[in-house]
Amino acid sequence: MGSMSAVAVAVLCAFAMHASFLVTNAQLSPTFYDETCPTLSDIVFSVVSDASLTDPRIGASLVRLHFHDCFVQGCDGSVLLNNTDTIQSEQDALPNANSLRGLDVVNNIKTEVENSCPQTVSCADILAIAAEVGSVLGGGPSWEVPLGRRDSLNASQALANTNLPAPFFTLDQLTASFAAQGLNTTDLVTLSGAHTFGRARCSTFLNRLYNFNNSEPDPTLNTTFLATLREICPENATVVNITNLDLTTPDQFDNNYYSNLQQLNGLLQSDQELFSTPGADTVDLVNSFSSDQSVFFDNFIVSMIKMGNIGVLTGTDGEIRTQCNFVNEDLSAILAGVASKNRKVNLVAQSK
């Protein structure tokens with residue numbers, strides 16, 4: 001298929017999927033909080049923008065956080081829940097442990113939102129808006145985020161270990177992982193483009209450098225890039241060693257991710273698989289997005305909205321958490337325990 005034909009296919013996919021959302025996304029609406037929390041978008045933008053001044057990675061981290069939420073139980077804010085007596089946090093799952101970033105920013109947003117619109121906006125919706133703001137601050141596309149999600153009452157560490165695609169997945173494994181969430185090949189290639197900004201730990205790609213196949217490096221890795229990565233990530237690299245996902249414009253949301261794949265400069269195996277798997281239908285999409293950034297951006301908007309609709313809780317399902325790290329029942333118990341402890345301290349002090 002020629003490049004122009006591939007571009008046409010990508011555009012048609014975008015419009016076809018977008019049309020389907022007018023039906024399937026009926027429960028969510030960009031105007032959901034227009035009356036109850038009209039300052040919501042401004043609050044989220046302000047907090048994320050302030051955070052980006054000292055942390056250029058935050059936009060990428062928030063997009064990833066939304067992705068890791070939606071792939072486990074749906075987009076319900078479950079990834080934000082901490083461990084309690086009844087909840088095993090998804091944050092401790094293998095794909096998330098010591099790598100999730102932006103949790104503090106989400107909590108800061110929630111604090112500001114609660115001050116302005118108490119018990120109104122879900123943490124799941126805050127994640128969805130923050131991901132869109134992260135894209136915009138990186139120079140990427142903006143879109144009207146459908147809203148109206150509610151927060152889960154539980155989390156699933158087991159599903160986080162099962163559902164989240166690994167950086168060493170083959171194309172078949174990636175395709176199956178996305179299909180399980182109702183996402184197709186176009187969504188896979190498009191959403192992978194979020195790796196156009198952000199960082200990755202050496203542990204996520206170290207096997208490609210030294211022991212990919214019979215103690216040889218991954219043959220789909222550019223040899224010049226290989227040498228650079230070996231300097232950053234020696235065989236005994238620790239988890240603190242990180243490098244840019246995009247070696248050209250690491251903090252910019254653009255389409256250079258796809259040109260990197262064409263030059264065998266994809267950092268993760270799961271990235272390079274999109275271009276280097278022989279005969280794969282993903283190759284034409286990579287070429288399309290590399291040749292026309294607007295086509296990538298249009299598809300990214302569609303796929304992000306589609307992903308944001310996975311397994312949403314609406315109506316009276318779930319709840320609106322007042323603090324994103326705990327369900328309301330657990331938070332009430334924690335606050336009651338603190339109050340009881342303070343009363344005891346005061347009584348001891350008064351008796352002295």
Side-chain angles (χ1 to χ4, degrees), residues 1 3-32 41 59-60 62-71 74-75 124-125 127-149 165 174-175 177-197 252-258 261 271 274-275 280-312 314:
M1 179 183 296
S3 60
M4 291 303 296
S5 297
V7 170
V9 168
V11 172
L12 287 172
C13 286
F15 282 117
M17 288 186 291
H18 183 68
S20 71
F21 295 146
L22 298 179
V23 177
T24 61
N25 222 20
Q27 295 182 90
L28 304 180
S29 168
T31 63
F32 188 83
S41 295
L62 290 170
V63 172
R64 181 175 185 260
L65 195 57
H66 182 42
F67 177 91
H68 280 228
D69 182 39
C70 292
F71 265 55
C75 309
D125 275 346
L127 272 181
I129 302 170
E132 187 269 345
V133 172
S135 168
V136 171
L137 290 177
S142 64
W143 59 92
E144 290 189 322
V145 181
L147 301 168
R149 300 167 188 80
L174 289 169
T175 302
S177 177
F178 275 66
Q181 303 300 328
L183 301 174
N184 59 30
T185 302
T186 302
D187 299 315
L188 165 60
V189 179
T190 302
L191 293 174
S192 295
H195 286 172
T196 187
F197 62 174
Q252 183 76 19
F253 194 104
D254 53 30
N255 65 336
N256 283 350
Y257 165 84
Y258 299 102
L261 299 186
D271 291 327
L274 303 179
F275 185 76
D281 54 0
T282 54
V283 175
D284 283 335
L285 289 167
V286 170
N287 291 335
S288 298
F289 296 161
S290 175
S291 65
D292 192 331
Q293 181 167 277
S294 64
V295 174
F296 165 48
F297 280 11
D298 288 345
N299 276 271
F300 190 78
I301 292 170
V302 172
S303 291
M304 284 294 287
I305 293 174
K306 186 176 180 181
M307 183 187 77
N309 197 44
I310 296 173
V312 294
T314 59

Ignoring hydrogens and angles, tell me if any N or O in the side chain of [X] forms a donor-acceptor pair with the backbone of [Y] under 3.5 Å.
X: Arg149; Y: Gly308; value: yes
X: Tyr258; Y: Ser291; value: no
X: Asp125; Y: Leu147; value: no

Taking all atoms of both residues into account, what is the closest heavy-atom pair of [X] and [Y], and its distance?
X: Pro141; Y: Phe300; result: CG-CD2, 4.0 Å
X: Leu28; Y: Pro146; result: CB-CB, 3.7 Å
X: Thr190; Y: Phe296; result: O-CE1, 3.6 Å
X: Ala131; Y: Met304; result: CB-CE, 4.2 Å

_Contacts of type salt bridge (Lys or Arg N to Asp or Glu O under 4.0 Å), residue Asp69, not counting sequence neighbours_ = none

*Should the ring pair Phe71 and Phe178 be called parallel, tilted or perpendicular, given that the plane angle runs from 0 to 90° and is split at 30 and 60?*
perpendicular

*Name the orientation class of the two ring planes belonging to Phe197 and Phe253 (parallel below 30°, tilted from 30 to 60°, perpendicular beyond 60°).*
perpendicular

*asked:* Assess the residue pair His66 and Glu132 against the criterion (side-chain contact (heavy atoms from CB on, under 4.5 Å)); give the C-alpha distance rounded to whole Å, side-chain angles, the decisive distance to 0.1 Å, and a yes or no.
replied: CA-CA 10 Å; His66 182 42; Glu132 187 269 345; over 6 Å; no

With heavy-atom distances below 4.5 Å as the criterion, would you say the side chains of [X] and [Y] are in contact?
X: Ile305; Y: Ile301; answer: yes
X: Asp187; Y: Lys306; answer: yes
X: Leu188; Y: Leu183; answer: no

Output the distance between atom [atom1] ([X]) and atom [atom2] ([Y]), rounded to the nearest 0.5 Å.
X: Phe289; Y: Asp284; atom1: CZ; atom2: CG; answer: 11.0 Å
X: Thr185; Y: Leu285; atom1: OG1; atom2: CG; answer: 7.5 Å
X: Ile129; Y: Leu62; atom1: CD1; atom2: CG; answer: 12.0 Å
X: Asp281; Y: Leu274; atom1: CG; atom2: CG; answer: 10.5 Å

Using the side-chain hydrogen bond (donor to acceptor under 3.5 Å, both in side chains) criterion, which residues pair with [X]? Sequence neighbours excluded.
X: His195; result: Asp271
X: Ser290; result: Gln262
X: Asn255; result: none
X: Thr314; result: Gln27

*How would you list all residue pairs meeting side chain to side chain donor-acceptor pair (under 3.5 Å) that involve residues 134-148, not counting sequence neighbours?*
none

*side-chain contact (heavy atoms from CB on, under 4.5 Å) between Val133 and Val136: does it pass, once the steps are laid out?*
CA-CA 5 Å; Val133 172; Val136 171; 5.6 Å; no

*Apply side-chain contact (heavy atoms from CB on, under 4.5 Å) to the pair Phe275 and Thr282, showing each step before the final yes or no.*
CA-CA 7 Å; Phe275 185 76; Thr282 54; over 6 Å; no

_Test side-chain contact (heavy atoms from CB on, under 4.5 Å) applied to Asn309 and Cys75, step by step_ = CA-CA 7 Å; Asn309 197 44; Cys75 309; over 6 Å; no

